[in-house]
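Working notes, beginning with the structure itself.
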Amino acid sequence: MAWAKKLLRVNLTAGTISEEALNMDWANKYLGQRGLATKYFVEEVDPKVDPLSPDNKMIMATGPLTGTCASTAGRYSVITKGALTGAIACSNSGGFFGNEMKNAGYDMVIFEGASKTPVYLFIDNDNAQLIDASDMWGTSVWDTEDKIKSDHQDPMIRVASIGISGEKGVKYACVVNDYHRAAGRSGVGTVMGSKNLKAVAIRGTKGVTVKDPVRFFEAANAGKAVLAGNPVTGEGLPAFGTQVLMNVINETGALPSQNHRDVQFDGAHAISAEAMAEPRESDGKPNLVRNAACFGCTIACGRISTIDRTHYTVAERPEYQVASGGLEYEAAWALGAATGVDDLDALTFANFICNEQGYDPISFGATVGAAMELYEIGAITDKETGGIELKFGSAKALTDLAELTGKSEGFGAEIGLGSKLLCEKYGHGELSMSVKGQEFPAYDSRGIQGMGLTYATSNRGACHLRSYTVASEVLGIPEKTDPLVHEGKAGLVKAFQDATAVFDSAGICVFTSFAWSLEDVAPQIDAACEGDWSVETLLEVGERIWNLERNFNNAAGFTAADDKLPERLMKDAAKTGPAKGLTSQLDKMLPEYYQLRGWTADGVPTNETLGRLGL
Amino acid sequence: MTYVIIGAGPAGVTAADTLRKADPKADIVMIGSEPEPPYSRMAIPYVLTGLIAEEGTYLRKEEGHYDKNAIQYRQGEAESIDPKNKVVKLKGTDDQPYSKLLIATGASPVKPPIDGLDLKGVHHCWTLEDCRNIMKFADKGADVVLMGAGFIGCIIMEALAERGVNLTVVEALDRMVPRMMNEAAGNMVKAWCEKQNVNVHTSTKVTKLEASKDPEDTLVVDLDNGKQIPAHLVVVATGVKSNIDFVDGAGLKTDQGILVDECMRTSVDDIYAAGDCAQGPDFSTGGWAVHAVQPTAVDHGRIAGLNMAGKSAPFKGSLNMNVLDTVGLISASFGKWDGIEGGDHAEVIDTENFKYMRLEFDGDKIIGALSLGRTDQIGVLRGLIQTEIALGPWKERLMENPHLIADAYVACSQQ
Amino acid sequence: MQKSLSIDPDKCTGCLQCELACSYDNENAFNPAKSRIKIFTFHDKGRFVPYTCTQCYEAWCMHACPVDAITLDKGTGAKIVHDNLCVGCKVCTIACPFGTINYNADTGKVIKCDLCEGEPECAKACPTDAITYVDANWTGLEKMRAWAEKTDAGQASA
Amino acid sequence: MKVRIKLYASLAEYLPMGAVKNEADLEVCDKATPTQIILRLGLPEKMCHMVLINGVYIAPDERGSTSLAVGDHLAIWPPVAGG
């Protein structure tokens with residue numbers, strides 16, 4: 001019922017595979033996916049483990065709704081200790097892989113140890129086996145996916161794999177499924193690479209059932225009707241995708257540009273959703289081919305794009321002239337605004353390469369931005385870059401580095417360190433725009449105050465997807481708050497964090513939350529899953545998950561001192577826009593946040609809090 | 001107007017129904033030579049397995065179908081045709097006059113020239129009567145020898161295996177289903193059958209059958225390799241031939257079957273032929289062939305019916321195709337599965353998982369295919385071949401991965 | 001006026017809600033592998049094509065069935081497989097040139113679209129109107145039928 | 001006086017002739033309010049979800065009372081989101 005109630009444990013060191021019953025006591029307390037897999041992870045893994053050691057584990061997990069007809073219910077997450085951050089990592093991906101895992105009869109797959117030689121896991125319903133992947137090692141995500149489908153002569157196999165970047169230890173490598181959906185952040189693909197695990201391929205045909213089908217259909221259909229009737233999820237996202245935010249955030253004065261030196265970018269329009277839809281001069285066709293959905297998604301915000309055939313990146317390379325996964329907002333920001341590059345085709349090309357070689361465009365773009373600043377101040381020179389003129393705004397530098405980083409060659413290997421290690425290496429740790437080693441995404445914490453607290457307290461390092469207060473502060477969802485003030489943001493962040501943990505653990509996409517509240521989600525979970533699931537229970541689950549993750553990080557050695565933003569955001573005021581003259585007010589929000597969380601002033605959950613949540 | 005149909009198999013019944021729709025007022029007479037209502041030989045194996053009762057084989061399930069459609073169903077065996085007087089002579093009963101005649105007499109199993117085939121316990125598996133006889137002998141654990149591992153032999157094999165008999169198959173040619181499969185596929189089927197505990201002898205002939213007294217009422221089957229196999233039952237499935245002897249003297253041109261044109265007309269006015277007895281247009285070769293399979297029989301029957309009723313409906317030709325379930329391994333063949341000279345082919349063999357796919361091309365068109373271990377969307381192979389889709393860039397993809405047939409079909413036909 | 005499924009690939013986002021609805025209605029489980037409608041994804045063109053039975057007038061599957069297990073539903077025009085009569089011989093699966101009738105090894109029967117007794121779940125579940133159930137005369141399935149006519153003669157004139 | 005009008009996403013079709021990159025200069029009367037400009041450009045009111053003057057959000061009940069000054073940027077979006 002909703003849960004398959006079974007997991008697969010793969011010991012890569014021993015080459016063994018075994019089935020286990022899912023711990024349903026835990027499922028009742030942590031729901032699934034992010035929450036439940038984190039519970040398994042913290043129970044089984046030493047918090048001090050080196051992320052790249054065989055003692056680290058990696059869990060691919062679905063939620064109870066994954067594979068059902070609830071809208072967007074095709075998600076899975078990769079849970080591990082992040083290679084980029086050393087913190088608990090949970091990266092969520094759409095596409096069609098999560099559904100396939102559930103249909104093969106598994107809620108999650110736990111990988112432990114490390115294989116001596118490259119392997120991939122092939123699951124064909126009840127039959128799971130590790131297969132030699134030596135002939136795929138050194139190939140891209142795209143080639144790996146094609147090869148596995150071809151080897152098994154089954155185009156319906158779903159594949160999640162790593163590219164060369166993940167093999168070679170680029171710190172922010174992703175796990176990519178369905179060619180261009182990715183569990184993108186924190187270096188979960190790097191961990192996978194360290195285990196010599198090239199791919200997980202699944203064919204599942206068993207079907208997914210729910211507790212009360214009649215009620216579930218009603219609840220799921222009601223949920224879909226809410227999404228369809230909501231102007232954001234029903235019209236805005238399908239038509240313009242997340243990229244519609246480029247002009248919004250720029251206008252709001254919260255679009256970090258050139259390594260967060262500025263909060264607005266002159267080239268914003270040129271790399272926005274509006275630009276993606278404009279016919280280009282050479283062939284009269286727009287960058288955007290069409291929108292596309294992940295499994296079960298009735299929103300369909302995904303972009304399918306092509307690059308202008310005459311563009312320097314692809315003119316001689318027809319293999320990149322076909323349609324593929326196009327720019328989403330965060331990627332476009334990092335590849336564009338963060339680096340000062342306003343060439344839409346160059347960004348699209350870099351994005352293709354990120355997908356093809358499996359690494360996170362956010363961390364990559366942000367790191368290139370940081371490197372550009374290092375270059376500008378002379379901390380790195382042409383000698384280090386191998387002759388790449390690493391100037392802000394250079395499309396050529398961006399696309400060259402994209403290819404080099406994908407293969408971890410030349411200066412690409414340095415970019416592959418991530419901004420924190422790179423900046424420290426060249427003596428300017430302060431230039432890394434990151435928290436807990438993970439680069440910021442596309443919102444400036446001076447122009448959107450809540451996001452500063454979001455980044456600082458995110459359990460997986462700087463991240464917008466742990467509490468997307470942009471929704472409230474800028475977009476007015478569910479209600480408008482003032483982005484420039486810090487008052488009330490601690491509570492807002494906490495509420496978003498707890499609710500988001502529920503969405504991430506249910507098997508659905510957090511984008512539904514633009515239209516859905518937990519009032520819309522609870523009936524779907526309650527009809528699908530055994531047990532009683534109300535908004536209140538779910539919120540408690542969300543809070544429990546948040547504290548579980550925090551506890552792990554604390555045990556791993558993180559302290560309140562790690563809940564901080566780079567000095568630039570605390571001291572250098574925004575130069576333009578509504579936030580002109582403003583810095584982040586994190587120091588005012590953080591104590592209030594700890595208090596609201598029931599944590600000590602040092603950011604440690606009190607015994608009372610832990611007891612209340614049953615931790 | 002009186003339409004007369006000799007034969008009550010799939011071709012005959014389809015023709016009768018088609019004629020009724022096309023010509024509501026005409027008289028329609030269908031003549032069958034077996035005592036049961038019109039039934040399907042294809043379904044006999046499922047009676048053997050117990051999945052269905054005999055009634056389950058009937059070609060039309062609706063109560064009173066023939067009466068309701070004013071199709072007069074007459075018992076009788078055609079002796080000869082008198083085209084001049086437009087009369088069919090029937091054995092031991094009144095002649096049947098016709099305005100237009102359809103010959104749909106099907107085919108019969110051939111008996112190889114081997115001693116002992118008349119012994120008790122030796123049967124074809126062709127009629128319901130045969131089926132009843134086989135069921136008497138083929139009990140669980142009984143020793144059964146199946147002569148012939150062609151298409152029909154294999155269909156029966158599945159049923160016999162399911163009854164739990166100790167089964168031995170003897171095939172004279174070098175592989176199983178030799179007329180439907182190449183060596184690679186035929187050998188894969190053999191390996192599969194052996195894995196399912198069926199004894200398979202290929203390149204082996206039965207030399208004679210003898211009655212045995214130990215135990216009572218059994219047989220001994222002598223093979224040309226010197227072996228002797230005991231049997232409670234021997235099933236003979238060594239091929240079929242068209243039932244056309246009775247048309248001698250009627251002036252119809254015949255070859256392997258009765259020659260018909262693209263409208264299923266024979267060489268004699270107002271006489272048509274369809275189904276296993278007809279040698280009709282062959283889609284793949286442009287020539288004429290007997291394709292003794294169900295889809296061809298009903299296509300023939302429908303085309304013949306339409307043309308007899310005066311609706312011009314020329315036939316583009318039948319595609320030789322088969323689908324077979326050999327003890328759980330499902331295979332299919334289409335068209336020129338053995339290819340043409342100078343044509344490309346794509347082939348993937350997965351011996352371990354008993355999966356096989358081979359596509360034969362003429363330029364960028366598929367002209368034939370063989371498949372084992374796959375059932376999904378397999379029909380698109382017919383579509384690809386018969387609509388002569390120019391594959392363009394999809395040919396290269398299929399050369400790389402022939403399992404993309406459905407994608408190729410949809411891409412090329414629905415863009 | 002008889003209705004039929006109308007398919008507009010340009011509107012399809014590839015979400016598979018149709019496959020989920022279809023499989024649940026027919027198999028009591030969300031299982032795209034058992035859906036009677038299938039979305040074909042052409043990755044490098046960014047194109048998604050919903051694909052299912054056209055319910056052709058003179059259906060090859062229906063005629064080829066040796067045991068009369070596939071019949072015409074006069075109300076909807078659907079060709080219906082009767083599980084109690086189907087023997088699983090699979091002849092229909094090679095006879096249908098669209099490949100839209102398929103063998104289900106779990107049940108030993110074939111499965112195909114039956115238009116859900118006139119209320120197709122796929123059309124109800126489609127969020128973008130790529131699949132609609134409309135008057136038969138102006139459906140996109142005409143395109144498939146046009147292809148069907150190439151398969152042999154007699155089809156169109158029947 | 002001249003102000004800069006910016007209409008994005010599906011509102012782009014309401015841009016005056018000669019607009020570039022979703023922006024156009026518009027001659028309006030002194031102290032014009034967002035509501036007046038929305039009416040003049042024929043924008044459906046419920047589509048005007050986010051109304052920003054120089055990047056600062058103007059709440060729906062203030063759109064009729066907040067005046068623009070020379071050179072101000074008035075940017076308007078329908079309901080959108082991303083992430």
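Computed from a prediction, not measured in an experiment: that's the story for all the values here.
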Review point. Hey, mind stepping through A:Lys206 and C:Lys34 against side-chain contact (heavy atoms from CB on, under 4.5 Å) and telling me if it holds?
Key: CA-CA 9 Å; A:Lys206 289 185 172 180; C:Lys34 294 272 172 66; over 6 Å; no
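- Two residues are said to be in side-chain contact when any heavy atoms from C-beta on lie closer than 4.5 Å; A:Asn103 and C:Pro32 meet this criterion.
- Contact of C:Cys126 with chain A is not made at all, since no heavy-atom distance falls under 4.5 Å.
- Here the CZ-CD1 distance, from A:Phe96 to C:Ile39, works out to 9.5 Å after rounding to the nearest 0.5 Å.
- The choice from A:Ala323, A:Pro213, A:Pro155, A:Ser324 that makes the most heavy-atom pairs within less than 4.5 Å of chain C is A:Ala323.
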Practice item. Evaluate side-chain contact (heavy atoms from CB on, under 4.5 Å) for A:Thr68 paired with C:Tyr24, printing each intermediate quantity in order. Key: CA-CA 9 Å; A:Thr68 70; C:Tyr24 209 95; over 6 Å; no
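- Summarising the geometry of C:Leu16 relative to A:Phe295, their closest heavy-atom pair is CD1-CD1, 3.8 Å, with the distance given to 0.1 Å.
- Ranked by non-hydrogen atom pairs under 4.5 Å with chain C, the options A:Gln321, A:Lys102, A:Lys224 are led by A:Lys224.
- Using a 4.5 Å cut-off between heavy atoms, C:Asp106 makes no contact with chain A at all.
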Practice item. Would you check, one step at a time, whether the test side-chain contact (heavy atoms from CB on, under 4.5 Å) holds for A:Asn99 with C:Phe30? Key: CA-CA 10 Å; A:Asn99 155 66; C:Phe30 300 108; over 6 Å; no
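- Between A:Thr205 and C:Asn31, the shortest heavy-atom distance links the atoms O-ND2, 2.6 Å.
- Contact of C:Lys11 with chain A is made through the backbone alone, with heavy-atom distances under 4.5 Å.
- Comparing C:Ala33, C:Cys12, C:Cys18 by heavy-atom pairs within less than 4.5 Å of chain A, the highest count is held by C:Cys12.
- Heavy atoms closer than 4.5 Å to chain C are found in both the backbone and the side chain of A:Val208.
- The contact between A:Ala70 and chain C is made entirely by backbone atoms, counting heavy-atom distances below 4.5 Å.
- Heavy atoms of A:Ala300 lying under 4.5 Å from chain C belong exclusively to its side chain.
- The two residues C:Cys15 and A:Cys297 come nearest to each other via the heavy atoms CB-O, 3.1 Å.
- Comparing A:Asp178, A:Thr298, A:Ile304 by heavy-atom pairs within less than 4.5 Å of chain C, the highest count is held by A:Thr298.
- In this structure, A:Arg290 contributes its side chain and C:Asp10 its backbone to a donor-acceptor pair below 3.5 Å.
- Contact check for C:His43 versus A:His180: side-chain heavy atoms found under the 4.5 Å cut-off.
- For CZ of A:Arg280, the number of neighbouring non-hydrogen atoms (other residues, nucleotides, ligands) closer than 6.0 Å is greater than 12.
- Listed here is the closest heavy atom pair of C:Leu20 and A:Gly67: CD2-O, 3.8 Å.
- With a 4.5 Å cut-off on side-chain heavy atoms, C:Gln17 and A:Cys69 count as touching.
- Only the side chain of A:Phe216 comes within contact range of chain C, with at least one heavy atom under 4.5 Å from a heavy atom of that chain.
- The distance from the CZ atom of A:Phe217 to the CG atom of C:Asp25 is 7.5 Å, given to the nearest 0.5 Å.
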